**Q** 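My questions all concern the structure below.
Everything numeric in this text was worked out from a predicted model, so none of it was measured. Sequence positions, counted from 1, serve as the residue numbers for this chain.
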Amino acid sequence: MTNATDAPLSDTRSVLLYDGDCGFCAGSVQFMLRHEPSAARAHLAFAPLQGAFGTMVRERFPALAAVDSVVWYDPSVPAVRVRSAAALAAMAHLGGVWAAVATLGRLVPRVLRDAIYDQIARRRFDIAAPACPLPSFEHRARFLP
């Protein structure tokens with residue numbers, strides 16, 4: 001979506017920013033934690049959009065001010081992906097069949113992918129109750145403030 005030329009906000013890990021007030025979003029993070037290969041765990045951190053790290057990313061990328069979406073932050077570029085592009089990046093991170101689904105998903109025109117994403121996003125609070133799951137001791141170091 002947007003590139004920035006300043007130094008990265010995090011270490012070398014990508015960061016998945018999610019709506020910390022959304023049960024569906026928190027459940028999606030838990031799904032990723034359960035299904036990612038152990039070798040991939042060192043490459044991804046998580047942070048709520050409403051937290052300190054999410055605020056720093058939104059300040060660095062002003063176009064995110066109006067975005068109500070999951071955000072994939074890649075510190076190596078640095079750049080962010082939003083909406084369906086962020087969801088596909090998360091699926092690709094999981095590897096295996098999920099990476100194959102992400103590859104197929106990228107064949108769908110972005111305008112259509114984003115329309116589907118937006119339909120789910122509008123209903124996310126109806127799909128799952130608000131939640132604030134605490135990460136396990138094992139996963140706490142992967143969550144940024």
Side-chain angles (χ1 to χ4, degrees), residues 1-4 6-38 40-99 101-102 104-106 108-145:
M1 174 184 175
T2 304
N3 288 330
D6 297 338
L9 295 170
S10 73
D11 50 30
T12 60
R13 297 179 294 178
S14 293
V15 180
L16 181 67
L17 295 150
Y18 63 97
D19 183 347
D21 296 328
C22 169
F24 179 79
C25 304
S28 297
V29 168
Q30 294 301 314
F31 178 88
M32 289 195 64
L33 290 169
R34 284 192 310 272
H35 291 90
E36 72 183 334
S38 58
R41 292 180 183 150
H43 304 290
L44 182 64
F46 302 91
L49 282 165
Q50 299 86 347
F53 187 84
T55 299
M56 286 189 302
V57 172
R58 286 193 317 271
E59 288 171 356
R60 176 76 57 91
F61 298 92
L64 292 177
V67 171
D68 182 23
S69 167
V70 64
V71 176
W72 183 274
Y73 170 67
D74 183 350
S76 67
V77 177
V80 293
R81 296 178 197 164
V82 297
R83 299 167 71 196
S84 66
L88 292 174
M91 292 169 74
H93 170 79
L94 294 176
V97 69
W98 296 108
V101 171
L104 291 174
R106 287 185 190 98
V108 176
R110 185 179 190 130
V111 67
L112 180 57
R113 289 189 336 238
D114 282 347
I116 294 167
Y117 177 92
D118 290 344
Q119 288 298 315
I120 295 168
R122 276 190 211 102
R123 293 172 177 78
R124 71 184 187 269
F125 291 106
D126 298 328
I127 295 171
C132 183
L134 296 174
S136 69
F137 181 77
E138 168 190 4
H139 293 127
R140 280 189 198 142
R142 297 187 57 205
F143 284 79
L144 303 175

**Q** Taking only residues two or more places apart in sequence, or in another chain, which ones meet Q50 in a side-chain hydrogen bond (donor to acceptor under 3.5 Å, both in side chains)?
**A**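 Listed in chain order: D19, D21.
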**Q** With S84, which residues qualify under side-chain hydrogen bond (donor to acceptor under 3.5 Å, both in side chains), at least two apart?
**A**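 For S84, the residues satisfying side-chain hydrogen bond (donor to acceptor under 3.5 Å, both in side chains) (neighbours in sequence not counted) are R113, D114.
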**Q** By side-chain contact (heavy atoms from CB on, under 4.5 Å), which residues pair with L112, not counting sequence neighbours?
**A**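 With neighbours one apart ignored, the set is V108, I116.
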**Q** Please report the shortest heavy-atom distance between L88 and G105, naming the atom on each side.
**A**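 So the two residues come closest at CD1-C, 4.0 Å.
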**Q** Looking at side-chain heavy atoms only, is the closest gap between L44 and R13 below 4.5 Å?
**A**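 Answer no - side chains too far apart.
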**Q** Going by heavy atoms in the side chains, are Y73 and L16 under 4.5 Å from each other?
**A**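 Not in contact.
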**Q** With rounding to the nearest 0.5 Å, note down the distance linking CE in M32 to CH2 in W98.
**A**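 Taking CE in M32 and CH2 in W98, the distance rounds to 10.5 Å.
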**Q** Can you list the residues that meet the ring-ring contact (aromatic ring centres under 6.0 Å, His included) rule with F46, with sequence neighbours excluded?
**A**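 Counting only residues at least two positions away or on another chain, F46 forms a ring-ring contact (aromatic ring centres under 6.0 Å, His included) with F143.
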**Q** I'd like to check the salt bridge (charged side-chain N to carboxylate O under 4.0 Å, His left out) partners of D118; sequence neighbours left out, ordered by chain and number.
**A**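 D118: salt bridge (charged side-chain N to carboxylate O under 4.0 Å, His left out) contacts with R83.
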**Q** If you define the side chain from C-beta out and look only at heavy atoms, does anything of P48 sit under 4.5 Å from F53?
**A**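 No, their side chains stay 4.5 Å or more apart.
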**Q** Kindly write out the residues that satisfy side-chain contact (heavy atoms from CB on, under 4.5 Å) with A40, not counting sequence neighbours, or none if the list is empty.
**A**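 For A40, the residues satisfying side-chain contact (heavy atoms from CB on, under 4.5 Å) (neighbours in sequence not counted) are P37, H93.
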**Q** Who are the ring-ring contact (aromatic ring centres under 6.0 Å, His included) partners of H35, not counting sequence neighbours?
**A**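 Per chain and number, H35 pairs via ring-ring contact (aromatic ring centres under 6.0 Å, His included) with F31.
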**Q** Quick one: list whatever passes side-chain contact (heavy atoms from CB on, under 4.5 Å) with V71, sequence neighbours left out.
**A**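 side-chain contact (heavy atoms from CB on, under 4.5 Å) list for V71, sorted by chain: L17, L49, L64, V80, V82.
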**Q** Could you work out, with side-chain contact (heavy atoms from CB on, under 4.5 Å) as the rule, every residue matching A92, not counting sequence neighbours?
**A**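 Applying side-chain contact (heavy atoms from CB on, under 4.5 Å) to A92 gives A102, R106.
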**Q** So, taking the atom named CZ in R41 and the one named CG in L33, what distance separates them when rounded to the nearest 0.5 Å?
**A**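 Separation between the atoms: 8.0 Å.
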**Q** Do you know the tightest heavy-atom contact between A90 and W72?
**A**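 For A90 versus W72, the nearest heavy atoms are CA-CZ3, 3.6 Å.
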